Amino acid sequence: QVQLVESGGGSVQAGGSLSISCAASGYTITSYCVGWFRQATGKEREGVATISRYGNTNYADSVKGRFTISTDNAKNTLYLQMNNLKPEDTAMYYCAAKGVWLCSLGSWDYWGQGTQVTVSS
């Protein structure tokens with residue numbers, strides 16, 4: 001049974017930094033494509049960043065240069081380091097995983113429960 005559990009969300013002022021994590025069980029983070037999504041109140045869910053088995057990363061234009069996605073094989077954990085946060089980054093952040101290693105294929109089969117990130121101006 002695959003489980004993804006996010007942690008590390010919270011409140012921060014604009015310009016600040018926050019790191020969120022996604023611990024996996026029943027699934028090897030570094031063997032497949034994994035990523036982060038977010039959904040702000042009243043808005044549709046959007047992709048934030050993805051990372052493939054071979055470390056290829058992709059970011060939404062809105063977070064390029066500010067966010068960094070990474071994985072830790074030993075901890076079987078996915079991370080999202082968020083710097084220079086803006087109020088528009090406020091959202092529930094979800095980690096997700098595919099059953100394939102190539103991020104351009106397959107569907108997001110597994111989802112975490114989400115962690116809230118709030119950025120105040």
Side-chain angles (χ1 to χ4, degrees):
Q1 182 181 358
V2 177
Q3 281 194 319
L4 302 174
V5 180
E6 299 97 334
S7 60
S11 298
V12 65
Q13 288 192 329
S17 297
L18 204 59
S19 180
I20 55 177
S21 304
C22 173
S25 59
Y27 180 90
T28 304
I29 284 280
T30 52
S31 292
Y32 303 98
C33 174
V34 291
W36 290 98
F37 291 76
R38 66 185 181 186
Q39 187 167 20
T41 302
K43 294 188 176 182
E44 291 188 356
R45 185 176 61 199
E46 62 174 350
V48 175
T50 61
I51 184 167
S52 77
R53 172 180 180 176
Y54 296 104
N56 299 308
T57 58
N58 191 46
Y59 296 92
D61 288 342
S62 59
V63 306
K64 280 181 181 176
R66 300 189 298 123
F67 290 11
T68 302
I69 188 171
S70 63
T71 57
D72 185 321
N73 185 33
K75 295 182 178 180
N76 202 26
T77 299
L78 173 69
Y79 299 95
L80 186 67
Q81 175 66 41
M82 302 178 289
N83 298 326
N84 190 22
L85 282 160
K86 304 176 181 181
E88 51 264 42
D89 294 318
T90 295
M92 184 72 79
Y93 283 71
Y94 300 89
C95 66
K98 293 188 175 186
V100 296
W101 68 266
L102 188 60
C103 290
S104 59
L105 298 177
S107 60
W108 295 102
D109 297 323
Y110 310 106
W111 293 85
Q113 83 289 349
T115 186
Q116 178 67 37
V117 172
T118 303
V119 184
S120 58
S121 57

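For clarity, every value in this text was computed on a predicted model and none was experimentally measured. These numbers come from the heavy atoms of this one structure, side chains and all, not from hydrogens, waters or symmetry mates.
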For a quick test of your reading: what N or O donor-acceptor pairs under 3.5 Å do the side chains of residues 114-121 make, sequence neighbours left out?
{"from": "T115", "atom 1": "OG1", "to": "G9", "atom 2": "N", "distance (Å)": "3.1"}
{"from": "Q116", "atom 1": "NE2", "to": "A91", "atom 2": "O", "distance (Å)": "3.4"}
{"from": "Q116", "atom 1": "NE2", "to": "T118", "atom 2": "OG1", "distance (Å)": "3.4"}

Check your understanding: For the side chain of W36 and the backbone of Y79, is there at least one donor-acceptor N/O pair under 3.5 Å apart?
Key -> yes
Point to revise | Nearest heavy atoms of L18 and G10, plus distance in Å | key: CD2-N, 3.8 Å
Check your understanding: Is K98 reaching over with its side chain to a backbone N or O of Y32, donor-acceptor style, under 3.5 angstrom?
Key -> no
Exercise for review: Please answer whether the main-chain N or O of C95 pairs with a side-chain N or O of E6 as donor and acceptor at a distance below 3.5 Å.
Suggested key: yes
Point to revise | Expected output: side-chain Y59 to main-chain I69 donor-acceptor under 3.5 Å | key: yes
**Study point:** Salt bridge present between D89 and K86 (N-O < 4.0 angstrom)
**Key:** no
Check your understanding: When the ring centroid of W108 is compared with that of F37, is the distance short of 6.0 Å?
Key -> yes
Review point. Any side-chain heavy-atom pair from R38 and E46 closer than 4.5 angstrom?
Key: yes
Review point. So, the side chain of D72 versus the backbone of T77: is there a donor-acceptor pair under 3.5 Å, distance only?
Key: no
Review point. Between F67 and Y93, what is the ring plane arrangement, given parallel below 30°, perpendicular above 60°, and tilted in between?
Key: tilted
Point to revise | Shortest non-hydrogen separation from T50 to C33 and the atoms involved | key: CB-SG, 4.4 Å
Check your understanding: Counting only N and O atoms by type, is there a donor-acceptor contact under 3.5 Å from the side chain of N76 to the main-chain atoms of S25?
Key -> no
